[in-house]
Amino acid sequence: MYEPVIGLEVHIEMQTRSKMFCACPVVDSVSAEANSAVCPICAGHPGTLPVVNARAVEFALRVALALGCEINPISIFARKNYFYPDIPKGYQITQYEQPLAEHGKISLQTSQGEKTIRIRRAHLEEDTGKLTHISAEPAHSLVDLNRAGVPLLEIVTEPDFHSAEEVRLYAETLRRLVRYLGVNSGDLEKGVMRIEPNISVRPRGSQTLGTKVEIKNLNSFRALERGVAYEIARQSAMLASGRVILQETVGWDEARQLTYSQRSKEDAHDYRYFPEPDLPPLMVDSAWLEQIRAGLPELPWQRQQRLERQFGLSAAESARLVDEKPLGEYFEQVAQSGLSPRLIFAWVTGELTSLMNAAGTTSDFSKIPPQELAALIALAAAGKINQPTAKSVLMEMFTSGQGAAAIVAARGLAQLSDEETLARLVAETLAENPAETASFRAGKANLFNFLFGQVMRKAGGKANPRVLRALLKARLEV
Ligand code: ADP
Ligand code: MG
Ligand code: ZN
């Protein structure tokens, strides 16, 4: 009956070494001591002058180019004037009428198929400081200016989303992109990437937009999806009962899983934007732009499609290799061996990942060169060592740094497939376990595993399990 219409504004910190307009370092919002990365420029002292950080522009251009935006050769910084304790200058430097980039697009793989979202604009600005409100008496607020002046890219879409799922997918796709481009860590909980959906609903078939409500402080994908779904339901119910939606900004209450009003349109500021007099127009010359374009890596969505095509992986498998970039790169290096990609995927995401996690060196693949993992997988695949042996060899490779073949040779681990030797071990084992042997023959089928284990032990764990199983079975059935 009602159709949701949603547009997104996303703020992404450009995690450069220094801030947007001064030499202060960009520090971690959680671990750094408050106000330890502040200077007169980002603290807004009168008489100081901002200077644009070229690296921040470059980072922003990487993102804008990846999103297929047109880059404006000249963009203009403006002052957005308002008073708040976290904005020491009394204004924020941002881009308003002439943004850095416009008219991009991004494709999403939704459960309903591929969907394209248009990017309206992407512009550069500076982040604000951070306030911490302490409610315990005497109630007060703490101001931390470490974040003030950190470069921020704001990406605004057209109102092209029609479900909470699409919104979530967009946010995830964008996060993967900025992590790939090396411009942002993607830590939503730390606020380095902030997503603000604008939501309206309208009668199905209507072409006009309904009144929108913007949700703030969503700090996880789950909160984003739930917040959007909540607003769609709330607004639809309002319209169904003949009420009108008020244009407002709402917050997301994670504990109660609902939105609450923060401010209505009537309180909206008049920011009195005007061009920033202390900064010249930002010029992006075409040679620099082409250099940045040429330096773009394979983008995550391109990589995912290639991995599926090239290695016959499923969408979920290739998504994992894309999400965990070092894992994906390592996988591809091992895959150069020509061994089965699925087998390699299983080893890399299974045994090797567990070893690294247990050692507290997640994503550090330097312990085992790719060709050595390939050598190990090849030994196991060719039946030279059995599966449990292969796992213990991998562990030894991991701890000692030795190669697979060297470990197998030194410890005499080569799998025992020789039928004569195995048959002798079977005969000995049955002679040593007459009661169990008799019980098995009398119908206690589960004793097979016990006897199998006994022979394997005699073989030092190295018996070829397939050959051993056949021999033991034949011997027990006479
Ligand atoms: P504001 O000036 O309030 O930030 P904008 O026109 O810049 O509003 O739009 C902000 C975001 O909201 C954009 O992503 C846009 O696509 C989206 N948007 C605008 N109007 C609507 C609407 N009626 N319903 C849903 N989304 C909307
Ligand atoms: Mg807005
Ligand atoms: Zn500073």
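Below, each value reflects all heavy atoms present in this structure, side chains not excepted, and no hydrogens, waters or symmetry copies. Both ligands and their constituent atoms are indexed starting at 1 by order of listing.
Residue contact check: Val5 has heavy atoms under 4.0 Å from atoms 24 (N), 25 (C) of ligand 1. Those atoms of ligand 1 that come under 4.0 Å of a heavy atom in Val156, given as number and element, are 13 (C), 14 (O). Residue-ligand proximity, Thr157 to ligand 1, at heavy-atom distances under 4.0 Å covers atoms 13 (C), 14 (O), 15 (C), 16 (O). In the vicinity of Glu158, heavy-atom distances shorter than 4.0 Å reach the ligand 1 atoms 16 (O).
Ligand 1 lies within reach of Arg120, whose nearest heavy atom is under 4.0 Å from it.
Note on ring orientation: taking the six-membered ring where Trp is involved, the planes of Tyr230 and Trp252 are perpendicular (angle over 60°, cut-offs 30° and 60°).
In terms of modelled atom types and a separation under 3.5 Å, the side chain of Arg79 and the main chain of Phe274 share no donor-acceptor contact. The backbone N or O of Gly350 sits nowhere less than 3.5 Å from a side-chain atom of Thr353 that would complete a donor-acceptor pair. The backbone N or O of Asn35 sits less than 3.5 Å from a side-chain atom of Asn146, completing a donor-acceptor pair.
For Thr110 and Glu166, the side-chain atoms include no donor-acceptor pair closer than 3.5 Å. Side chain to side chain, Glu298 and Gln302 fail the donor-acceptor criterion of an N or O pair below 3.5 Å.
Listing protein N, O or S atoms at distances below 2.8 Å from the Zn ion (ligand 3), with waters left out, gives Cys22 SG, Cys24 SG, Cys39 SG, Cys42 SG.
When heavy-atom distances to ligand 1 are checked against a 4.0 Å cut-off, Leu8 comes that close only through its backbone atoms N, CA, C and O.
Sorted by first and then second residue, the ring pair (Phe, Tyr, Trp, His ring centres under 6.0 Å) pairs with a member in residues 16-49 read Phe21-Phe77; sequence neighbours excluded.
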Distance-only criterion, 3.5 Å: show the donor-acceptor pairs between side-chain atoms of residues 337-348 and protein atoms not counting sequence neighbours.
from, atom 1, to, atom 2, distance (Å)
Ser337, OG, Val334, O, 2.6
Ser337, OG, Leu339, N, 3.3
Ser340, OG, Arg342, N, 3.4
Ser340, OG, Leu343, N, 3.1
Arg342, NH1, Gly312, O, 3.3
Arg342, NH2, Glu317, OE1, 2.9
Arg342, NH2, Glu317, OE2, 3.2

Under 3.5 Å donor-acceptor pairs involving side-chain atoms of residues 68-76, not counting sequence neighbours:
from, atom 1, to, atom 2, distance (Å)
Asn72, ND2, Pro99, O, 2.8
Asn72, ND2, Glu102, OE1, 2.9
Ser75, OG, Gln95, NE2, 2.9

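Between Tyr271 and Tyr96, the gap from one ring centroid to the other reaches at least 6.0 Å.
With respect to the salt-bridge test (charged N to carboxylate O, under 4.0 angstrom), the residues Glu290 and Arg293 qualify.
Residue-to-ligand polar distances place Gly210 within reach of ligand 1: an N/O pair is separated by less than 3.5 Å. For the pair Pro159 and ligand 1, the shortest N or O to N or O distance falls below 3.5 Å.
Across Gln247, Lys212, Glu214, Glu9, heavy-atom proximity to atom 1 (P) of ligand 1 is greatest for Lys212. Counting heavy atoms only, Asn198 comes closest to atom 11 (C) of ligand 1 of the residues Thr208, Leu209, Asn198.
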